[in-house]
Amino acid sequence: GAWTCPATGIYPHQWLWDSSFVAVGLARQDPQRAAAEIASLFRGQWSNGMLPHMIFDVPDLGSRHLWQSHRDPRAPAGVGTSCITQPPVIAIAARRVADALEEPARAAFVAAVLPGLIAHHEWLYRERDPEQTGLVSLIHPWECGLDTTPPWMIAMRAIRPSWWLRVAMVTRLTRLVRLLRRDTQFIPAAERASDDDGLRMLDLASRARRHHFDLAASPAKPSLVVKDVSFNALLVVANRDLQHLGELAGFGLPAELRARMATTPAALEALWDEPAGLYCSRNVNTGELLEPATIASYAMLWAGCRQDRTVRLVHHLKTPAWQPEHPVPSIATDNPHFEPRRYWSGPTWVNMNWIVIQGLRAVGEHAAAKALRTSTLDLVEKSGFAEYFSPRTGEPLGAPNFSWTAALAVDLATEPDPPTDR
């Protein structure tokens, strides 16, 4: 149909940033099909402007029971969705699709998607930054995209679980959960979230449901609220591209939205971890930066940050801990939490490499960007279109035939490198 599932079997539904990345690749070969991919995401948009991270396709009683979007009057009628969001890559993808289209298709596409994009960004600032700090807050690890990234998992484990989960952990019943897990039916358990972490994430989602997934209504305890560094960095990029789309349409963005957007770049500097020399997400409830720093920090290169901090970011990225045989690992290889095969705890992901490449180009590190582009395409050529890869061996991990890996490989293989004067 009009959209692409991430991988058959394990991922049968539509995901927000998956389809956005897919559209980036499709725009290189078939801009009209890419436009349809983006447009299809708006069928799941809520009346408050939120774009959910999942739109359900096939029957999936477990997911539908968890979210129960049909009970929320803000959810679209007749379309099952999750009740949280994902990184706002859709505006970034929409700009690339618009730039690939010829007139009059370009004007028609921008006119069709611009109102929904504006509504989504307004929702982010209105409901996820009610204190007007300039930084959007997330209420679940699934919203950051790097689902099981170590800093989020460490913060989540510090929250007292619900009674049923405490009982399950004490009696070791969590081991039985693997019999019911969908993901480990397709992929080895060693490459996925642990059983305990998987249940903690379900517990966190269930608690958020009790408060209608509303940040303002959620109690400080036992919730998890995080100003996520990569989400907000990508929001800065998405804001710029949304502004560009508005200019294409001859439409000025709402003044209040423009004012809120302007506060985010400077606000991101509050996430700087001076001892680490990297950016980290912040736990809103405790005020603490979430360590360790991960690949999320390098999204700041694309967003733009202080020159002295840009220099330190690039320096870190070029160190051996971030440059194994197949970079870039999702966490430094010398970190105690590094696991080369486990989901977001170490493997190399093509989508994050793509983001880092854009960032390196943005700061003029063209030689480093070219090297990472080449190594990423070499990795795909060697190991196929896997969901993620071992940064040490290049072994394909996770789901095979993963759509955003293929789409972003198309984009990287098609786009010429800028001059490598640096």
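By convention here, the first residue in the shown sequence is residue 1.
- Not counting sequence neighbours, the partners of T333 by the side-chain contact (heavy atoms from CB on, under 4.5 Å) test are A321, P324, P329, F338, R392.
- By the salt bridge (charged side-chain N to carboxylate O under 4.0 Å, His left out) test, D99 is found to be paired with R95, residues two or more places apart in sequence or in another chain being considered.
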Show me, pair by pair, the donor-acceptor contacts under 3.5 angstrom made by side chains of residues 269-279, not counting sequence neighbours?
{"residue": "E269", "atom": "OE1", "partner": "Y279", "partner atom": "OH", "Å": "2.7"}
{"residue": "E269", "atom": "OE1", "partner": "R309", "partner atom": "NH1", "Å": "2.6"}
{"residue": "E269", "atom": "OE2", "partner": "Y279", "partner atom": "OH", "Å": "3.4"}
{"residue": "E269", "atom": "OE2", "partner": "R306", "partner atom": "N", "Å": "3.2"}
{"residue": "W272", "atom": "NE1", "partner": "E274", "partner atom": "OE1", "Å": "2.7"}
{"residue": "D273", "atom": "OD1", "partner": "A276", "partner atom": "N", "Å": "3.4"}
{"residue": "E274", "atom": "OE2", "partner": "R312", "partner atom": "NH1", "Å": "2.8"}

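- Without hydrogens or angle criteria, D129 side chain to G134 main chain gives a donor-acceptor distance under 3.5 Å.
- Side-chain contact between S375 and P327 is present, with at least one heavy-atom pair separated by less than 4.5 Å.
- One N or O on the side chain of E191 and one on the backbone of G398 form a donor-acceptor pair closer than 3.5 Å.
- The side-chain heavy atoms of P161 and R200, taken from C-beta on, include a pair separated by under 4.5 Å.
- In plain terms, the two heavy atoms of A98 and L248 that are nearest each other are CB-CD1, 4.2 Å.
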Determine whether T294 and S330 satisfy the following criterion, side-chain contact (heavy atoms from CB on, under 4.5 Å), listing intermediate values before the conclusion. CA-CA 6 Å; T294 71; S330 41; over 6 Å; no
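- Inter-residue side-chain proximity for P400 and F385 is flagged as unmet; no heavy-atom pair is nearer than 4.5 Å.
- Put simply, the side chain of W3 reaches to within 4.5 Å of the side chain of C5, judged on heavy atoms.
- Of the candidates S281, S230, P141, S230 is the only one forming a side chain to side chain contact (heavy atoms under 4.5 Å, CB included) with L146.
- Among H121, H244, R260, the one residue that satisfies the side chain to side chain donor-acceptor pair (under 3.5 Å) test with N239 is H121.
- Contact annotation: the side chain of V226 never approaches that of V284 to less than 4.5 Å [non-hydrogen atoms, C-beta and beyond].
- Closest of all the heavy-atom pairs between H315 and T319 is O-CG2, 3.2 Å.
- Between W404 and F402, the ring-plane angle classifies as perpendicular under the 30° and 60° cut-offs.
- Taken from CG in L16 to CZ in F21, the straight-line distance is 10.0 Å, to the nearest 0.5 Å.
- Taken from NE2 in H140 to CD1 in I84, the straight-line distance is 5.5 Å, to the nearest 0.5 Å.
- The CZ atom of R43 sits 7.5 Å away from atom CG of L41, with the distance rounded to the nearest 0.5 Å.
- A search for side chain to side chain donor-acceptor pair (under 3.5 Å) contacts involving S82 returns H53, not counting sequence neighbours.
- Enclosure of atom CZ in R160 is not indicated, since only 12 or fewer non-hydrogen atoms of other residues, nucleotides or ligands lie within 6.0 angstrom.
- Remark: the backbone N or O of N48 is not paired with any side-chain donor or acceptor of R74 at under 3.5 angstrom.
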Go through the steps to decide whether C305 and L268 satisfy the test side-chain contact (heavy atoms from CB on, under 4.5 Å), and finish with yes or no. CA-CA 8 Å; C305 52; L268 272 164; over 6 Å; no
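- Considering all non-hydrogen atoms of both residues, A2 and R33 come closest at O-NH1, 3.2 Å.
- In this model, a donor atom of one side chain and an acceptor atom of the other lie less than 3.5 Å apart for D228 and W152.
- Between Y343 and W349, the ring centre distance stays below 6.0 Å.
- Side chain of T348 to backbone of H326: a donor-acceptor contact under 3.5 angstrom is found.
- Pairing each heavy atom of M261 with each of Y125, the nearest pair is CA-OH, 3.5 Å.
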Stepwise, does the side-chain contact (heavy atoms from CB on, under 4.5 Å) test hold for T310 with L301? CA-CA 7 Å; T310 296; L301 294 172; 4.0 Å; yes
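- Taken to the nearest 0.5 Å, the CG atom of L117 stands 6.5 Å off from the CG atom of L245.
- The two atoms that bring I55 and H13 nearest to each other are O-CB, 3.4 Å, heavy atoms only.
- Between the side chains of E37 and T4, at least one donor N or O lies within less than 3.5 Å of an accepting N or O.
- A 4.5 Å side-chain heavy-atom check between R207 and S162 finds at least one atom pair inside the cut-off.
- Checking side-chain atoms of H70 against main-chain N and O of G80 turns up no donor-acceptor pair under 3.5 Å.
- The main-chain N or O of S390 is never found under 3.5 Å from a side-chain atom of E395 such that the two would form a donor-acceptor pair.
- Here the CG-OG1 distance, from L51 to T81, works out to 10.0 Å after rounding to the nearest 0.5 Å.
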Could you pull out all donor-acceptor pairs under 3.5 Å where a side-chain atom in residues 355-364 meets a protein atom, sequence neighbours excluded?
{"residue": "Q358", "atom": "OE1", "partner": "R96", "partner atom": "NH2", "Å": "3.2"}
{"residue": "Q358", "atom": "NE2", "partner": "W354", "partner atom": "O", "Å": "3.2"}
{"residue": "R361", "atom": "NH1", "partner": "E415", "partner atom": "OE1", "Å": "2.9"}
{"residue": "R361", "atom": "NH2", "partner": "D417", "partner atom": "OD1", "Å": "3.3"}

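- A side-chain donor-acceptor contact under 3.5 Å links R240 to the backbone of A303.
- For the pair Q307 and V311, the minimum side-chain heavy-atom distance is below 4.5 Å.
- Atom NE2 of H212 has 12 or fewer neighbouring heavy atoms from other residues, nucleotides or ligands inside a 6.0 Å radius.
- Of the inter-residue distances, the one linking S69 atom OG with R209 atom CZ reads 11.5 Å to the nearest 0.5 angstrom.
- Considering every non-hydrogen atom in both A208 and I139, the closest pair reads CB-CD1, 4.4 Å.
- Applying the ring pair (Phe, Tyr, Trp, His ring centres under 6.0 Å) test to F231 and every residue at least two apart in sequence or in another chain returns nothing.
- Counting heavy atoms from C-beta outward, Q32 and L101 have side chains that approach closer than 4.5 Å.
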Does the side-chain contact (heavy atoms from CB on, under 4.5 Å) test come out yes or no for E365 and L317, once each step is laid out? CA-CA 11 Å; E365 288 284 341; L317 184 60; over 6 Å; no
